[in-house]
Trainee: 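Right, I'll just put the structure down here and ask away after.
One-based numbering, in listed order, for ligands and for the atoms of each. All figures in this text were calculated on a predicted structure; none of them were measured in a lab.
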Amino acid sequence: MDVRELVDQARQGRPRAVARLISLVENAAGSPARAGELREVMAELATGTRKPYAARVIGLTGSPGVGKSTATGMLIRAFRRRGVRVGVLAVDPSSPFTGGALLGDRVRMQDHATDPEVFIRSMSSRGHLGGLAWATPQALRVLDAAGCEVILIETVGVGQAEVDVARMADTTVVLLAPGMGDGVQAAKAGILEVADVFVVNKADRDGAQATVRELRTMAGLGEAPWRPPIVTTVAYKGEGADDLLAALDKHQAYLEESGEARRRRLARARDEIEAIALAQLRSRFAHLHGDRLDALAERLLGAATDPYAAADELIAALA
Ligand code: GDP
């Protein structure tokens, strides 16, 4: 099937075409040689009438086991009740969407397995081209073109990945759960800044209110035009779904009214271009640097050059 036909079918929301296009993104991430095909796809996608970044992107992050996948399932159901087409990207390799999880989770996801208005894909951040920061926006673009009005990105809350994903989302939801020890600790380590909405999940467990109080103390500090609300949920029972949805809608309204929505989308567009440019540079660099780098290293070892001069020489060879 040629690219135009594939893109046409994806636009019509054909699940198989959408899946193939996202696979193409993944394959290109693993093998720069295949990026040419993706380039064609992106050019074709750009010819559509739908505005890019039209979909509302909601990121969910938190430590393993807090209930991200369960909450994602709950949100899928909530948005489906509104009749909205939903895309889901799970960027945690150990997440249920990749089949690596508990049976219970898989059963729960099967609720949506036969729903043609729900696209669920997992993506790993492996690959040469700059990982998540490169691949995720392109997968988002595919889901966007496929007419998803809402895209949920689920990612495990560790390190740089969640910050990267937060930059791609309109709204970032940070999940915590009581009795996980590291809950609010993790929040201290940078999650506070990326959160637009906090969810204290597993509210059926002891300590949920303590977690809420702790969070309120921390999040209540400082002035901000948007104070992240704290929503409590019991995700596996669907409790709190309406509250969460209301918080998400409120944030969306804030984004639109304040002009922040456009600022975030501009930042996303910048990040996206930059990630592709850097990936191309990196790939050109890798192509060229083998022998030349060895030779420069020999010269550095022999005190025939200094590291800055050697780096300059390497960069000059790129031009
Ligand atoms: P993730 O690793 O963050 O995606 O977490 P999961 O969604 O896989 O959930 C981890 C475990 O917590 C699963 O066994 C869920 O059934 C369970 N779980 C999810 N939500 C709740 C909840 O609200 N209360 C309780 N007690 N357990 C929950």
Side-chain angles (χ1 to χ4, degrees), residues 58-80 86-113 118 120-125 132 136 151-166 169 171-187 189-192 194-215 229-248:
I58 299 170
L60 291 100
T61 188
S63 307
V66 296
K68 292 180 298 297
S69 301
T70 315
T72 300
M74 182 173 88
L75 278 179
I76 295 172
R77 254 186 308 282
F79 281 114
R80 286 300 296 131
V86 181
V88 179
L89 278 182
V91 288
D92 166 18
S94 67
S95 108
F97 304 124
T98 63
L102 305 165
L103 184 61
D105 294 309
R106 281 197 221 127
V107 170
R108 201 161 34 243
M109 290 318 298
Q110 278 171 9
D111 288 358
H112 310 286
V118 178
I120 299 174
R121 274 299 297 247
S122 64
M123 290 224 320
S124 71
S125 52
L132 217 59
T136 311
I151 304 172
L152 306 170
I153 315 183
E154 186 201 324
T155 185
V156 90
V158 283
Q160 187 58 35
E162 100 229 341
V163 178
D164 284 348
V165 167
T171 301
T172 299
V173 179
V174 172
L175 289 98
L176 301 163
M180 293 198 44
D182 67 332
V184 178
Q185 287 308 317
I191 271 183
L192 277 179
V194 302
D196 298 307
V197 173
F198 285 106
V199 167
V200 174
N201 188 39
K202 306 196 183 180
D204 53 332
R205 290 217 179 143
D206 288 344
Q209 282 315 312
T211 305
V212 170
R213 275 196 301 275
E214 212 180 327
L215 205 50
I230 304 167
V231 179
T232 53
T233 59
V234 183
Y236 71 168
K237 291 185 187 156
E239 288 174 23
D242 291 343
D243 292 345
L244 179 52
L245 211 53
L248 292 173

Trainee: Is there a donor-acceptor contact under 3.5 Å from the side chain of D204 to the main chain of V234?
Mentor: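 No; judged by distance alone, with no hydrogens or angles, the pair does not exist.
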
Trainee: Is the contact between K237 and ligand 1 made by the side chain, the backbone, both, or neither, using heavy atoms and a 4.0 Å cut-off?
Mentor: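 Under 4.0 Å from ligand 1, K237 contributes no heavy atoms.
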
Trainee: Does any N or O atom in G67 lie less than 3.5 angstrom from one in ligand 1, N or O only?
Mentor: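 It does: an N or O of G67 is found under 3.5 Å from an N or O of ligand 1.
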
Trainee: If we only count N/O pairs under 3.5 Å, is V234 in contact with ligand 1?
Mentor: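 No: no nitrogen or oxygen of V234 is under 3.5 Å from one in ligand 1.
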
Trainee: Do any N or O atoms from the side chain of T61 and from the backbone of T155 form a donor-acceptor pair under 3.5 angstrom?
Mentor: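 Side chain of T61 to backbone of T155, a donor-acceptor pair under 3.5 Å: yes, one is there.
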
Trainee: Do any N or O atoms from the side chain of D243 and from the backbone of V231 form a donor-acceptor pair under 3.5 angstrom?
Mentor: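 Flag not set: sc D243 to bb V231 has no pair under 3.5 Å.
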
Trainee: Which of the atoms of ligand 1 are close to R205, meaning less than 4.0 Å from one of its heavy atoms?
Mentor: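 What qualifies from ligand 1 is 26 (N).
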
Trainee: Indicate yes or no: at least one non-hydrogen side-chain atom of I230 is less than 4.5 angstrom from one of V212.
Mentor: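 The answer is yes; the side chains approach within 4.5 Å.
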
Trainee: Just distances here: any N/O of A203 and N/O of ligand 1 closer than 3.5 Å?
Mentor: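 Not met; the criterion fails.
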
Trainee: Indicate the atoms forming the closest heavy-atom contact of L60 with K68, along with that distance.
Mentor: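 So the two residues come closest at O-CD, 4.2 Å.
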
Trainee: Which heavy atom of G65 sits nearest a heavy atom of K202, and at what distance?
Mentor: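 Closest approach of G65 to K202: O-NZ, 2.7 Å.
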
Trainee: Suppose I only count heavy atoms of D204 and a 4.0 Å limit; which atoms of ligand 1 are within that range?
Mentor: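 Under 4.0 Å from D204, ligand 1 has these atoms: 22 (C), 23 (O), 24 (N), 25 (C), 26 (N).
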
Trainee: Which option wins on minimum heavy-atom distance to atom 19 (C) of ligand 1: L60, V200, T70?
Mentor: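 The residue whose heavy atom sits nearest atom 19 (C) of ligand 1 is T70.
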
Trainee: Need the ligand 1 atom indices (1-based, order shown) with element for anything under 4.0 Å from a heavy-atom of K68.
Mentor: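 Checking each atom against K68, I get 1 (P), 2 (O), 3 (O), 4 (O), 5 (O), 7 (O).
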
Trainee: Does P64 have a non-hydrogen atom less than 4.0 Å from ligand 1?
Mentor: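 Checking ligand 1 against P64, which is what was asked, there is a heavy-atom contact under 4.0 Å.
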
Trainee: With the threshold set at under 4.0 angstrom, would you say S63 reaches ligand 1 through any of its heavy atoms?
Mentor: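 Yes, S63 has a heavy atom closer than 4.0 Å to ligand 1.
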
Trainee: Taking the side chain as every heavy atom from C-beta outward, state whether L75 and V173 have any pair of such atoms under 4.5 Å apart.
Mentor: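 Answer no - side chains too far apart.
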
